[in-house]
Amino acid sequence: MDYLEIEGGKRLQGSIKISGAKNAALPVIAATLLCKGKTRLKNLPDVVDIRTLLKLLEMLGAKVGRGEDLVEIDNSDIVSTRAVYEIVSKMRASILVLGPLLGRFGVCEVSLPGGCAIGQRPIDLHLKALEAMGAHIEIKGGYIRAEAPEGLHGSRIIFDKITVGGTENVLMAASMAHGTTEIINAAREPEIIQLCEMLMSAGIEMEGVGSSRIKIHGSGGRALEFTKDISIIPDRIEAGTYLCAGAITYSQITLERVNIEHIQTTIDKLGVMGCDFEIKDDSITIFPADSLTEVNIVTAEYPGFPTDMQAQFMAVATLAQGESLIEERLFENRFMHVSELNRLGADIWLKGNVAAVKPVEKLYGADVMATDLRASSALVLAALAAEGTTRIRRIYHLDRGYDDLEGKLRRLNARVVRKKE
Ligand code: EPZ
């Protein structure tokens with residue numbers, strides 16, 4: 001098993017390019033199943049989750065061609081609509097093939113996604129919505145079997161909880177349904193908007209894109225054609241993670257190819273902590289605080305403070321002058337990084353879904369273990385600031401969502417090496 005060895009306490013410097021967003025690329029790749037020809041995608045991040053989903057599509061019969069910054073997916077010859085446990089258990093976002101397979105083929109079997117470190121993560125809202133659109137859903141032997149022999153029909157879907165994946169599945173299914181679907185309480189993440197733009201580029205008419213009420217006028221069963229190349233939007237969580245790296249090491253660094261609007265809450269919160277920024281078009285330079293001020297955070301759906309930035313901010317907050325309070329409202333178990341950060345010398349206390357991050361002078365290198373994607377990035381940030389050497393194990397979590405993390409950190413002058421046990 002690989003582990004990362006990081007020599008902390010060094011200033012970072014320089015600039016890096018931010019990759020395409022994993023959480024935008026996943027639904028876009030799933031949506032190519034709605035097309036019975038070729039779709040060309042650009043700026044896909046090279047991370048394990050993307051490779052896993054492309055492998056799933058190949059198992060269904062897709063042909064995937066890889067070029068320089070271009071991936072072409074040919075779905076003209078899909079021979080199976082069964083997403084097997086071996087793949088889905090590795091990457092729960094595989095559930096995003098449910099909507100497009102059902103919309104295009106009228107029948108599919110998708111393994112129930114396994115559990116996850118950060119929470120139970122049910123998909124009840126996805127299934128309820130598809131049933132409202134005419135799907136017959138049965139769960140047997142760990143698989144969802146969904147059928148809509150006459151195709152799906154439009155419906156009024158009210159999500160009692162905002163769900164990114166649920167909104168994405170319904171958007172894809174509705175784009176091939178007969179009639180109009182309205183989603184009430186839809187997710188508004190930038191990744192949702194990219195998916196809507198992709199579907200509209202194939203002629204699907206929509207109203208309310210970017211709002212919490214979206215209307216989709218389905219194609220009535222006609223497969224879609226994506227004639228224009230689709231370029232994946234910059235990864236707002238990767239960008240936020242590197243801004244936190246600048247903040248926690250008191251370094252001035254520059255990120256290129258970011259979408260500033262998508263990282264506004266991260267900029268605002270780092271501003272509260274004393275950092276400054278220079279923004280030019282699609283690049284941002286962080287000027288570190290002389291000393292970090294404490295911060296209070298409550299995670300919320302977009303445009304609120306992203307839950308996927310919670311762990312990273314907790315790492316930065318460990319070195320603030322005062323006590324920070326961080327409340328996690330989306331997931332029931334997204335504090336797995338707390339005990340590992342405390343091993344590095346942090347002083348964090350949990351009470352329910354609130355973490356109190358008490359100030360400490362310094363962090364000290366130690367052996368720690370990654371537990372989930374964003375928790376592991378928080379450990380990397382803490383290790384960059386800690387005095388001495390930190391070894392982070394189970395970094396396969398990192399590889400799922402950060403494209404060339406070591407390469408980017410080394411370009412920022414960090415001392416990080418990947419080693420084998
Ligand atoms: C997406 O997960 C992201 N993943 C997550 O990022 C992100 O943390 C999450 O949205 C919230 O922003 C991808 O986009 C691939 P949800 P998703 O459905 O779609 C509950 C990362 O680090 N819920 O919006 O699975 C659920 O349990 C990952 O890149 C139901 O109860 O999230 C959770 O508490 C981690 N029933 C809340 O809603 C359902 O049917 C939000 O889940 C669906 C969800």
Side-chain angles (χ1 to χ4, degrees), residues 19-31 45 47-50 52-53 56 88 90-99 110 112-132 137 139 144 157-172 183 185-195 212 232-233 235-241 262 265-266 298-312 328-337 353 370-378 397-403:
S19 300
K22 159 179 90 80
N23 291 352
L26 291 167
V28 163
I29 290 169
V47 295
V48 170
D49 274 5
I50 298 300
T52 303
L53 189 57
L56 171 55
V88 179
K90 277 206 198 83
M91 208 253 315
R92 42 178 314 100
S94 312
I95 194 67
L96 293 174
V97 302
L98 178 61
V110 179
L112 274 171
C116 165
I118 63 177
Q120 188 213 342
R121 301 186 73 183
I123 53 161
D124 56 313
L125 300 176
H126 300 233
L127 304 182
K128 211 168 99 196
L130 293 172
E131 283 177 326
I137 300 218
I139 293 182
I144 303 156
I157 306 289
I158 301 176
F159 280 131
D160 54 23
K161 258 182 92 129
I162 293 173
T163 160
V164 171
T167 302
E168 289 164 344
N169 253 328
V170 171
L171 283 167
M172 293 186 279
I183 306 175
N185 204 20
R188 297 166 52 195
E189 274 68 4
E191 296 80 43
I192 300 280
I193 296 177
Q194 169 136 59
L195 178 61
S212 58
I232 301 299
I233 58 173
D235 192 321
R236 60 193 170 98
I237 305 302
E238 184 193 28
T241 303
H262 295 168
T265 46
T266 291
V298 180
T299 63
E301 295 84 359
Y302 194 91
F305 185 90
T307 174
D308 291 351
M309 283 302 304
Q310 179 255 105
Q312 297 91 313
E328 173 54 58
R329 285 213 172 145
L330 272 79
F331 291 105
E332 63 270 28
N333 187 33
R334 200 167 199 177
F335 284 142
M336 305 282 277
H337 40 286
N353 63 348
T371 52
D372 59 86
L373 172 56
R374 305 306 172 183
S376 30
S377 68
H397 292 291
L398 273 173
D399 297 338
R400 294 189 47 183
Y402 286 96
D403 187 346

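In each ligand, atom 1 is the first atom listed, and ligand 1 is the first ligand listed. The chain is numbered in sequence order, starting from 1. Every heavy atom of this structure was used, including side-chain atoms; hydrogens, water molecules and symmetry mates were not.
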Which residue and non-hydrogen atom of the protein lie closest to [atom], and at what distance in Å?
| atom | result |
| --- | --- |
| atom 41 (C) of ligand 1 | I162 O, 4.0 Å |
| atom 20 (C) of ligand 1 | K161 CE, 3.6 Å |
| atom 31 (O) of ligand 1 | P122 CG, 3.4 Å |
| atom 8 (O) of ligand 1 | D308 OD1, 2.6 Å |
| atom 19 (O) of ligand 1 | G165 N, 2.8 Å |
| atom 17 (P) of ligand 1 | R121 NH2, 3.7 Å |
| atom 36 (N) of ligand 1 | D124 OD1, 2.7 Å |

Reported [atom1]-to-[atom2] distance for the pair [X] and [Y], which is rounded to 0.5 angstrom:
| X | Y | atom1 | atom2 | answer |
| --- | --- | --- | --- | --- |
| N169 | I123 | CG | CD1 | 8.5 Å |
| K128 | I157 | NZ | CD1 | 9.0 Å |
| L127 | L112 | CG | CG | 7.5 Å |
| T167 | E191 | OG1 | CD | 11.5 Å |
| I139 | I144 | CD1 | CD1 | 5.5 Å |
| E301 | R188 | CD | CZ | 10.5 Å |

Region of R374 that comes within reach of ligand 1 [heavy atoms, distance under 4.0 Å]: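 Near ligand 1, R374 shows its side chain, while the N, CA, C and O stay back.
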
Considering distance alone, does some N or O of [X] sit under 3.5 Å from an N or O of ligand 1?
| X | value |
| --- | --- |
| E189 | no |
| V164 | yes |
| L26 | no |
| G166 | no |
| E332 | no |
| E168 | no |
| R92 | no |
| L125 | yes |

task: Take I118 and M336 through the side chain to side chain contact (heavy atoms under 4.5 Å, CB included) test and state the conclusion after the steps.
output: CA-CA 8 Å; I118 63 177; M336 305 282 277; 5.5 Å; no

Give the atom numbers and elements of ligand 1 that come within less than 4.0 Å of a heavy atom of [X].
| X | answer |
| --- | --- |
| L373 | 22 (O), 29 (O) |
| K22 | 21 (C), 29 (O) |
| F331 | 8 (O), 9 (C), 33 (C), 34 (O) |
| I123 | 39 (C), 40 (O) |

Option among R329, E328, Q310 that satisfies the side-chain hydrogen bond (donor to acceptor under 3.5 Å, both in side chains) test with T299: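 One option only clears the test, and that one is E328.
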
- request: Only one of D235, D403, D399, L398 passes side chain to side chain contact (heavy atoms under 4.5 Å, CB included) with V47; say which it is.
  value: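 One option only clears the test, and that one is D403.
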
- request: Start with the C-alpha distance between R334 and D308, add both sets of side-chain angles, then the distance that settles salt bridge (charged side-chain N to carboxylate O under 4.0 Å, His left out), and finish with yes or no.
  value: CA-CA 10 Å; R334 200 167 199 177; D308 291 351; 2.7 Å; yes

query: Shortest non-hydrogen contact from S376 to D372?
result: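 Scanning both residues, the minimum pair turns out to be OG-O, 2.7 Å.
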
Heavy-atom gap R334 to ligand 1 smaller than 4.0 Å: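 Contact check R334 vs ligand 1: positive.
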
task: Measure the distances from the heavy atoms of E301 to every atom of ligand 1 and state whether one is below 4.0 angstrom.
output: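 Checking ligand 1 against E301, which is what was asked, there is no heavy-atom contact under 4.0 Å.
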
message: Holding to side-chain contact (heavy atoms from CB on, under 4.5 Å), I want the full list of residues that pass it with I193, two or more places apart in sequence or in another chain.
response: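 side-chain contact (heavy atoms from CB on, under 4.5 Å) list for I193, sorted by chain: E197, V209.
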
field: Side chain to side chain, E168 and I192, heavy atoms closer than 4.5 Å
entry: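 They are in side-chain contact.
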
- prompt: Do the side chains of E332 and N353 get nearer than 4.5 Å, heavy atoms only?
  reply: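 No, side chains not in contact.
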
field: Nearest neighbour of atom 37 (C) of ligand 1 from the list I118, L330, N23, D372, on a heavy-atom basis
entry: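 Shortest heavy-atom distance from atom 37 (C) of ligand 1: L330.
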
Shortest heavy-atom approach to atom 18 (O) of ligand 1 - which of T307, V47, T163: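 Considering heavy atoms of T307, V47, T163, the nearest to atom 18 (O) of ligand 1 sits in T163.
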
